[in-house]
There are 2 protein chains.
Amino acid sequence: MDIKKFSRLAGVSTATVSRAFSGNGRIKEATRQRIFELAATHGYTPNIHAQRLNARRTDIIAVYYSFSTAPIFDYYNMELAQEIAKAAGVRGYTTNLELTQKTEAPSPGLQRAAAGGGLDGIILVADSRAGALAFLQQFKSIPVVVIANHRWDLPEAAGLVRIHQDSGIGEAIAHLKSAGHARIGFIHGVADTAKHDAFLNALQAQGLDAASAPAASGPLSFEDGERAIGELLSARVTAVLCSTDILALGAISGADKRGVRVPQDLSIVGIDNLSFSPFTRPPLASVGIPRTEIAEAAIAILDQLVTDTTADATPSARQFIHTINTRFIPRASLGPVSRPA
Amino acid sequence: MDIKKFSRLAGVSTATVSRAFSGNGRIKEATRQRIFELAATHGYTPNIHAQRLNARRTDIIAVYYSFSTAPIFDYYNMELAQEIAKAAGVRGYTTNLELTQKTEAPSPGLQRAAAGGGLDGIILVADSRAGALAFLQQFKSIPVVVIANHRWDLPEAAGLVRIHQDSGIGEAIAHLKSAGHARIGFIHGVADTAKHDAFLNALQAQGLDAASAPAASGPLSFEDGERAIGELLSARVTAVLCSTDILALGAISGADKRGVRVPQDLSIVGIDNLSFSPFTRPPLASVGIPRTEIAEAAIAILDQLVTDTTADATPSARQFIHTINTRFIPRASLGPVSRPA
DNA sequence: CTGAAAGCGCTTACAG
DNA sequence: CTGAAAGCGCTTACAG
């Protein structure tokens, strides 16, 4: 049943039916009531495509990230995506989950949707500037908000939610220092320069020797962490910051296999603070990001950009960059130095 | 730029432009080429709403689940959602992530989209029959595939991917029995009758006393598991099956706090086999479901239903029920009985 | 407050 | 292989 048939049935014009449903324009309350009741009885709902064809607006956004070889490595993105979907819902947006394998380019479908008006905006979880720029280049027809660890210089049109690793990592290193740790190692993850830089800065800020800080490369899996911790133990570290919680769990396991106990003999700190990290054994200290805040900030910016674009207004002068501080969450994987260097 | 302006620019009719993009109808290859090049140069992309208005098809599906108080309890759903998005992408569908708080009804937006043609179908992750039926009642205008632990009787229009808990739980109990366990407890989760029934059946199949099997209620959190295991230890169990992996982790921790070691003194088995369960300490034995298979089955059925509906064909006689067996994944949280009852 | 009619941007029988 | 025109189902300025 379309609006024509339905309006005839209701004894009004299509314009009146449209006004009843859209809430735009004046309409007598009684008429509106009657139309709603009739619609309920006869099962009429306005066709959403026809509405959008007029509206130049869809109230759909996409969250885009590339997935890994195994879901365990996507926990960070999945948790973020869920928070984004929640925050988007609050503002009346529906969220498309757009996934792509790490090595592949965004699907043609996404491009079609974006260029063809099927999407109001996109939230991109990015881990490299080059990747982000390439993405923005491809999707310049609609607003994009980038979530990243860096304060990248991006084209005007894009928003940026910047996760400030320095704050939380700084706290972590300060905490370790005050517990007596002076030889602190690092296990590298993928595309983690922001994290590693923050680590080096934090060492310096604490008056520790950043130049000779031992580092090993993960970069990804639990097993990588198990192996990497071996290298660092040879370098006589007493504490290790790991680029991800998964690597940290691997490090704990790897240490254990070598007879080194956490936290008695070695302190381990992860980064990301996944939801299960409080429940590992020992509970894993980690540098956490407030995912809910990030999601809300990203949606707020995107909504702003979408509204500006739709209204054809001059984009407000305000900066579309929002910085979110990470913070250190101490847990039982930390202890005082037992065998100072 | 719309099709009218663009077709003028290209010196052809709108019909020809449409044929070039849609792939429908005959069109000279050279014409098509020229149109594509021009479109690329001038930045023309067909408006997707206009296309969908004609097509009665959107190639968008939604995956719907209700989220919990904390993301940790949503890992199961999030992992499933990601797999569904992947599987959907392969078949050319975009996936909407539709979330609702546990206590709330599906958003009006979802209903609008579904009734107004904005969605081809929905995949519902359900944990109660009443909930699923209410949902189906509300969304009877489009195909729905339910993912659930039960072989529920559902209206014709719905598909069902049924996760068969009995297989994996049966294997788990058999494994415990052969390791000498005779007194096996259960920690309840939320809406877990399928799991508990499977547990009782498995006990019987192994010739164990199901009637007197100790059970404690979680039902949700890590702390719930910590508490529940206390009750079961008083009941002198030597092994425990937990309704979720989170409860199982809590149980391990709770046992540890009481001086009971896993697996030396007590064996613990979880259900769900979350991606991080291989990496807990000890690695957690669990009853797992092949998420990728489930997602693919759900998408295959939904695609079938959508295609049938769209084509207005008589729905094929084939059953739209697909059963997926769970399976037991033994890991280091298991051991032989140390102090037989 | 309500209606007639043009317009949103495509697609697809129909005719050639 | 291509075009003219009706149709997909709404919305909204315009007139009353």
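Throughout, protein chains are lettered first and strands after them, A, B, ... in sequence-line order, and every chain is numbered starting at 1.
- Taking atom CZ of residue F6(B) and atom C1' of nucleotide dG3(D), one finds them 17 Å apart after rounding to whole Å.
- Atom CZ of R57(B) is separated from atom C1' of dT11(C) by 16 Å (rounded to the nearest Å).
- Side chain to side chain, Y44(A) and D2(A) fail the donor-acceptor criterion of an N or O pair below 3.5 Å.
- Rounded to whole angstrom, the span from the CZ atom of R8(A) across to the P atom of dG9(D) amounts to 12 Å.
- When the C1' atom is compared between dG16(D) and dT12(D), the two are found 16 Å apart, to the nearest whole Å.
- Within the 4.0 angstrom heavy-atom criterion, only backbone atoms of the sugar-phosphate kind lie near I27(B); the bases stay farther away.
- Residue order along DNA chain C, read from the 5' end via each residue's closest nucleotide, puts S13(A) first among S13(A) and A15(B).
- Comparing the P positions of dA6(C) and dT2(C) gives a spacing of 23 Å, expressed to the nearest Å.
- For the pair K86(A) and F67(B), the cation-pi criterion (under 6.0 Å, within 45° of the ring axis) is fulfilled.
- Interatomic distance, I35(A) CD1 to F21(A) CZ, rounded to the nearest 0.5 Å: 7.5 Å.
- Under the Watson-Crick and G-U wobble criteria, each requiring two contacts below 3.5 Å, nucleotide dC1(C) is paired to dG16(D).
- Listed pair T14(B) / dT11(C) fails the phosphate criterion, with no side-chain N or O lying under 4.0 Å from OP1 or OP2.
- Of the residues in residues 16-24 of chain A, S18(A), R19(A), N24(A) come within less than 4.0 Å of DNA chain D through at least one heavy atom, sorted by number.
- The shortest distance between side-chain heavy atoms of E98(A) and I122(A) does not fall below 4.5 Å.
- Contacts between residues 43-54 of chain A and DNA chain C, defined by a heavy-atom separation below 4.0 Å, involve L53(A), N54(A), listed by number.
- Atom CE of M1(B) and atom P of dG9(C) are 12 Å apart (whole Å).
- Atom pair K4(B):NZ and dC10(C):P shows a separation of 11 Å (rounding to whole Å applied).
- Rounded to whole Å, the P atom of dA13(D) lies 23 Å from the corresponding atom of dG9(D).
- Annotation: dC10(D) and dC14(D) have their P atoms spaced 24 Å apart (nearest Å).
- Comment: E79(A) engages R291(A) in a salt bridge, judged by a side-chain N to carboxylate O separation of less than 4.0 angstrom.
- Side-chain contact between L124(A) and I147(A): absent, with no pair of heavy atoms (C-beta onward) separated by less than 4.5 Å.
- Side-chain contact between Q82(A) and L99(B) is present, with at least one heavy-atom pair separated by less than 4.5 Å.
- Between I123(B) and Y64(B) there is no side-chain heavy-atom pair separated by less than 4.5 Å.
- Taking atom CD of residue Q33(B) and atom P of nucleotide dC1(D), one finds them 14 Å apart after rounding to whole Å.
- How far OG of S13(B) is from NZ of K4(B): 12.5 Å, rounded to the nearest 0.5 Å.
- Between the C1' atom of dT11(D) and the CG atom of D2(A) lies a distance of 14 Å, rounded to the nearest Å.
- Distance CG/L53(B) to CD1/I48(B): 13.0 Å, rounded to 0.5 Å.
- Taking atom CZ of residue R26(A) and atom C1' of nucleotide dA15(D), one finds them 17 Å apart after rounding to whole Å.
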